[in-house]
Amino acid sequence: MPELPEVESVRLQLLGKIVGKKITDVVVLHPKSTNHHPNFASLLVGKKIAHIDRVGKLMIFSFVKEPDFFLLGHLKMTGQFFFVQRKSIVGGGHSMSDTDSRDLPNKHTRISLHFSNGASLFFNDMRLFGYLKIATAGEVATARGRFGEEPIRADFDFDSFTEKLQRRGTSIKAALLDQSFVAGLGNIYVDEALFAAKIRPDRKANTLTAKEAKAVIKAGGKIMLHSIEVGGTTFQNFADTNGHAGNFTEHLKVFGKQGTLCPRCKKAKIQKTRVAGRGTHFCPNCQK
DNA sequence: CGGATTGTTCTTCC
DNA sequence: CGGAAGAACAATCC
C-alpha cells in the first residue's frame, strides 16, 4: 500500500538510476497498465529521462527536449518498480520478502523499459490498478491541480487547512484521505498521524480545534519524513526498486496492531474498526 | 468459498 | 459547484 513516503523512496532511487538514460525498447505486457494507449511503446522509445517529480502519490517523468510529453506513474495499491542493471547479473543477500531480479520479468510485470546502457526498469502490478500514462503538459498541470498540500512541506498553510476543515461534515479520517484536501496520506499514515495527535479517527472533521488540526498535520509530516529516511513501510505489497522491503514497518504504533496494548498509555488495547470504509486502528483510551 | 483488503475514480444524490 | 456516501476495479490471502 504505497503512500507518499513509499512513492518518494522509489522516486529518489529512480533519480539515481535512470535520469539521463535513453529508452531503447519498451514492452507492454498488459495494455491496461498504459491506459490502453495504442502507441505507448513507440512514443517512449528514443526519449531520454530528464527528471522525475512527485505530487502526492503520483510520479511525473519528464524528458530531455520534450516540453509537451510526460509520463505519469501511479502505483495505486500493488504497483512496483524494479530496476535491474543487467538482466544476467546474479544478486546476493536477498531476504524472504525480496523480489529476485533474476526472475524479472515475472507474471506480474506489466511494462518493461530498457535503456541504452543495458539496464531495465520493470513495472509490476498484481492488481492492475496502477498505471504508466502518457500525458501532455496541460494534462500534467490538471493532475497537479487536483492535489492538496503535502504535510511534509515546511510551508504548509495551517490556517487555510483549519478553515477548510470547518466545512467538512465527515470524519477527520475521510478528510485526511481525500487527496484533493491533503496530499500523500493513505490508510496507514492517517491512522498513525491520528494516534500521534491523540484524535479519534471517527471524530467529525469540523469538531477539531485549530490546535488539533495543526497537531495532526505536523504529526503526519513528521511520520512520513521519518519513513522516507528509512525507505518506507512494507505492510503489504511494497518493495523498493531493488526489490527490498521498507524499514518503517517496525515503527508503526497502531496500524495492524489490533489487540495489542497501546504503546503510549498502556491502559487499553488497540482497536480495529471501520471508518471511511477503511480498516481503522486506534487506542480507545488516549485518542479523543 | 465468502469476505476482507485498499487508492482512486465514478456515480448518484443532495 | 461542492460535498457525501457507496460502488467499482482486481487479485490474492485467510
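Proteins come first, then strands; the chains are lettered A, B, ... in the order of their sequence lines, and each starts at number 1. Not measured: the values here are computed from a predicted model.
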What I'd like to find out is whether the side chain of A:M59 reaches to under 4.5 Å of the side chain of A:L75, using heavy atoms alone.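 SC-SC contact between A:M59 and A:L75 confirmed.
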So, under a plain 3.5 Å distance rule, would you say the side chain of A:R278 forms a donor-acceptor pair with the base of B:dG7?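 Yes, the side chain and the base share a sub-3.5 Å donor-acceptor pair.
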Could you tell me the separation between the [atom1] atom of [X] and the [atom2] atom of [N], rounded to a whole number of Å?
X: A:L177; N: B:dT8; atom1: CG; atom2: P; answer: 9 Å
X: A:N187; N: B:dA4; atom1: CG; atom2: P; answer: 15 Å
X: A:K173; N: C:dA4; atom1: NZ; atom2: C1'; answer: 17 Å
X: A:M126; N: C:dC13; atom1: CE; atom2: P; answer: 7 Å
X: A:R146; N: B:dC10; atom1: CZ; atom2: P; answer: 8 Å
X: A:K76; N: C:dA11; atom1: NZ; atom2: C1'; answer: 15 Å
X: A:K164; N: C:dC1; atom1: NZ; atom2: P; answer: 18 Å
X: A:K272; N: B:dA4; atom1: NZ; atom2: P; answer: 10 Å

Candidate nucleotides B:dG7, C:dT12, C:dA5, ranked by approach to the side chain of A:K107 - the nearest: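 For A:K107, the side-chain atoms sit closest to C:dT12.
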Among C:dA4, B:dG7, C:dC9, which is the nearest nucleotide to the side chain of A:E3?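 That would be B:dG7.
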Is a side-chain donor or acceptor of [X] paired with a backbone partner of [Y] at a separation under 3.5 angstrom?
X: A:D240; Y: A:N242; value: yes
X: A:E149; Y: A:V182; value: no
X: A:K288; Y: A:N285; value: yes

Any carboxylate oxygen within less than 4.0 angstrom of a Lys/Arg side-chain nitrogen, looking at [X] and [Y]?
X: A:K173; Y: A:D191; result: yes
X: A:R203; Y: A:E212; result: yes
X: A:E8; Y: A:R54; result: yes

May I ask you to say what A:G279 touches in the nucleic acid, namely base, sugar-phosphate or nothing, with a heavy-atom cut-off under 4.0 Å?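 Sugar-phosphate, backbone atoms only, no base.
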Looking for any heavy atom pair under 4.0 Å, which part of the strands does A:H108 touch: base, sugar-phosphate only, or nothing?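 Contact class for A:H108: sugar-phosphate only.
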With respect to the phosphate group of [N], does any side-chain polar atom (N or O) of [X] fall under 4.0 Å of OP1 or OP2?
X: A:H74; N: B:dG7; answer: no
X: A:Q179; N: B:dT8; answer: yes
X: A:R167; N: C:dG3; answer: no

Within this structure, what is the CG-CD distance for the pair A:D157 and A:E163, rounded to the nearest 0.5 Å?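 The CD atom of A:E163 is 9.0 Å from CG of A:D157, to the nearest 0.5 Å.
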Using heavy-atom distances to pick each residue's nearest nucleotide on DNA chain C, tell me which of A:G169 and A:L128 is more 5'.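 This one resolves to A:G169.
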What stems, by residue range, does DNA chain B take part in, given at least 3 consecutive Watson-Crick or G-U pairs under 3.5 Å?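 Stems (3+ consecutive pairs) listed as B:2-14 with C:2-14.
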Planes under 30° and centres closer than 5.5 Å, is that true for A:F129 with the base of B:dT8?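 A stacking contact does not exist, since A:F129 is not both close and nearly parallel to the base ring of B:dT8.
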